[in-house]
Amino acid sequence: MIHNVLVTGGLGFIGSETVIALIESGYTPIIVDNLFNAKESVLGRIEVITGVSPRYYRADCCDENAMRKIFAENKFDAVIHFAGYKAVGESVEKPLEYYQNNIGSACVILKLMREFGVKNFVFSSSATVYGVPESVPLFETDPVREATNPYGATKIIIEGICKDFAKADPSFNIALLRYFNPIGAHPSGLLGEDPNGIPNNLMPYISQVAIGKLPVLHVYGNDYNTVDGTGVRDYIHVVDLAEGHVAALKKLDAGCGLVIYNLGTGKGTSVLELVKAFEDANGIKIPYQIEGRRPGDVDASYANCDKAFKELGWKTKLTVEDACRDAYNFQKKNPNGIL
């Protein structure tokens with residue numbers, strides 16, 4: 001029976017929401033985070049929301065000795081592995097760091113899970129494993145294609161490691177969760193996406209323009225083969241995404257071997273449609289200017305999520321408009337991010 005869950009990167013954007021969902025579902029999460037892209041003050045905010053202060057270790061998942069000590073001090077039933085570098089553009093500039101950190105940390109975690117007999121693993125994968133899609137929506141049965149950037153390549157490699165690992169020892173249960181585009185924030189406004197420096201992702205960029213922190217939204221490319229020429233993505237509210245991890249844990253608890261699920265809404269939204277949704281949800285205008293395409297971006301990427309609904313009983317409940325409202329609420333309450 002899964003009870004104690006190690007959450008690596010548990011103070012980050014998706015990790016912290018998942019910690020809340022775990023607590024609210026009766027699990028005991030234990031957090032490991034090296035604070036590379038997160039802040040320790042998130043812990044206090046989790047406690048305000050849930051009434052629970054989770055156990056927390058400041059450690060790097062690539063540090064095998066530090067992680068072995070954490071495994072030795074706890075009895076984990078499952079691991080949800082979020083920890084990793086995640087900026088697509090940065091991965092093109094720093095490929096070695098991305099390969100070393102993302103793949104290295106996954107190997108350390110899996111090695112220690114084997115050593116300590118922890119049999120349930122949820123991996124934070126990505127829709128980038130589908131590469132340049134030949135058609136949309138994307139199904140879990142679609143081929144994993146060559147990645148368009150090193151970040152995506154690390155996800156493909158780690159998925160491959162997980163498949164080989166599960167084949168070598170069928171007693172392990174592994175869920176590969178392919179996220180599409182997480183947006184939004186906790187409805188309390190206490191937690192949300194809080195990037196260091198200029199945001200790489202669209203929603204925090206829009207939010208920072210909305211409060212006047214950034215002057216204008218840069219839209220990269222308006223000549224894609226889409227409804228309005230801007231890139232189309234599947235934007236999922238982070239609260240729904242967090243619930244997907246709880247559903248995956250329940251699946252692992254039943255003993256399932258290796259399983260793969262898309263976590264998205266099943267609907268594509270263009271950049272300009274998202275801008276319009278943000279404006280409508282919050283009664284505010286977002287100035288934007290069109291720039292050239294970014295390397296590695298694809299025309300459209302959105303999910304078919306029937307499998308997750310059929311096998312996990314999970315589907316999204318919140319809308320893009322809900323996410324826009326929650327993201328703006330978080331940004332207004334935290335104009336300088338989480339301090």
Side-chain angles (χ1 to χ4, degrees), residues 4-16 18-19 22 29-40 42 54-74 76-88 90-126 128-129 147 149-166 168-169 172-179 182 195-196 200 245 248-249 252 258:
N4 294 332
V5 183
L6 172 63
V7 184
T8 72
L11 297 182
F13 174 45
I14 306 170
S16 60
T18 301
V19 165
L22 290 169
I30 297 94
I31 298 169
V32 168
D33 204 300
N34 68 355
L35 304 184
F36 175 79
N37 199 22
K39 297 190 176 77
E40 205 166 310
V42 166
R55 185 178 301 170
Y56 159 66
Y57 294 89
R58 181 171 183 178
D60 191 314
C61 291
C62 291
D63 183 340
E64 188 175 323
N65 290 332
M67 292 307 299
R68 179 174 282 106
K69 188 168 181 291
I70 293 166
F71 270 79
E73 286 177 12
N74 296 274
F76 297 130
D77 305 307
V79 177
I80 303 178
H81 185 48
F82 292 106
Y85 297 160
K86 61 175 188 175
V88 168
E90 184 183 64
S91 78
V92 176
E93 295 160 19
K94 300 179 178 178
L96 186 60
E97 286 83 349
Y98 270 68
Y99 285 111
Q100 193 168 9
N101 181 75
N102 292 8
I103 297 165
S105 63
C107 287
V108 165
I109 295 294
L110 287 168
K111 179 181 178 182
L112 292 172
M113 285 179 67
R114 183 177 63 190
E115 191 177 314
F116 285 88
V118 183
K119 298 291 189 176
N120 301 294
F121 184 63
V122 178
F123 175 58
S124 166
S125 193
S126 163
T128 55
V129 302
N149 54 71
Y151 162 76
T154 68
K155 296 295 187 183
I156 291 170
I157 292 165
I158 296 166
E159 281 202 4
I161 291 167
C162 288
K163 288 171 186 173
D164 290 341
F165 190 77
D169 187 342
F172 277 89
N173 303 304
I174 297 177
L176 307 177
L177 302 184
R178 294 172 177 170
Y179 312 161
N196 295 323
N200 286 300
H245 292 76
L249 273 188
L252 298 187
L258 184 133

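It should be emphasised that the depicted structure is a prediction, and the values quoted were computed from it without experimental measurement.
If you take CD1 on Ile31 and CD1 on Ile70, they are separated by 12.0 Å, rounding to the nearest 0.5 Å. To the nearest 0.5 Å, atom CZ of residue Phe71 and atom CD of residue Glu64 are 10.5 Å apart. Atom-to-atom distance recorded for Asp169:CG and Asp164:CG is 13.0 Å, nearest 0.5 angstrom. Annotation: the span from Asn37 atom CG to Asn196 atom CG amounts to 5.0 Å, rounded to 0.5 Å. Distance CD/Glu90 to CG/Asn200: 7.0 Å, rounded to 0.5 Å. Taken to the nearest 0.5 Å, the CD1 atom of Ile174 stands 9.0 Å off from the CG atom of Leu252.
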Could you walk me through whether Ile80 and Leu22 pass side-chain contact (heavy atoms from CB on, under 4.5 Å), step by step? CA-CA 11 Å; Ile80 303 178; Leu22 290 169; 4.1 Å; yes

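For the residue pair Tyr99 and Ala153, the shortest heavy atom distance occurs at OH-CB, 3.3 Å. Looking at every heavy atom in both residues, Asp77 comes nearest to Asn120 through O-ND2, 3.0 Å. Nearest approach of Ala83 to Gly9, heavy atoms of both residues: CB-N, 3.8 Å. When all heavy atoms of Val19 and Gly10 are compared, the closest pair comes out as CG2-O, 3.8 Å. In plain terms, the two heavy atoms of Glu159 and Ser125 that are nearest each other are OE2-OG, 2.7 Å. The two residues Val32 and Ala59 make their nearest non-hydrogen contact at CG1-O, 3.6 Å.
Checking side-chain atoms of Asn74 against main-chain N and O of Phe76 turns up no donor-acceptor pair under 3.5 Å. A donor-acceptor distance shorter than 3.5 angstrom exists from the side chain of Tyr98 to the backbone of Ala87, with no hydrogens or angles considered. Not a single donor-acceptor pair under 3.5 Å links the side chain of Asn149 to the backbone N or O of Val88.
Counting heavy atoms from C-beta on, the side chains of Ile157 and Asn102 never come closer than 4.5 Å. Using a 4.5 Å cut-off on side-chain heavy atoms (C-beta onward), Cys62 and Asn101 make contact. You'll find the side chain of Val79 reaches within 4.5 Å of the side chain of Met113, heavy atoms only. Residues Ile30 and Pro54 form no side-chain contact, since every pair of their non-hydrogen atoms from C-beta on lies 4.5 Å or further apart. Between Asp33 and Val42, the closest side-chain pair of non-hydrogen atoms is not below 4.5 Å. Annotation: side chain of Thr8 is not in contact with side chain of Ser105 (no heavy-atom distance under 4.5 Å). The side-chain heavy atoms of Lys155 and Ser124, taken from C-beta on, include a pair separated by under 4.5 Å. No side-chain heavy atom of Val108 sits less than 4.5 Å from a side-chain heavy atom of Lys111.
Applying the 6.0 Å contact sphere to NZ of Lys94 captures no more than 12 heavy atoms from other residues, nucleotides or ligands. Within 6.0 Å of the CD atom in Glu97, the count of heavy atoms belonging to other residues, nucleotides or ligands exceeds 12.
Between Tyr151 and Tyr85, the ring centre distance reaches or exceeds 6.0 Å. The ring of Phe172 has its center closer than 6.0 angstrom to the ring center of Phe165.
Take Glu115 and apply the side-chain hydrogen bond (donor to acceptor under 3.5 Å, both in side chains) test, not counting sequence neighbours, and it matches Arg68.
Between Tyr179 and His245, the angle of the ring planes goes over 60°, which puts this pair in the perpendicular group of the 30/60° scheme.
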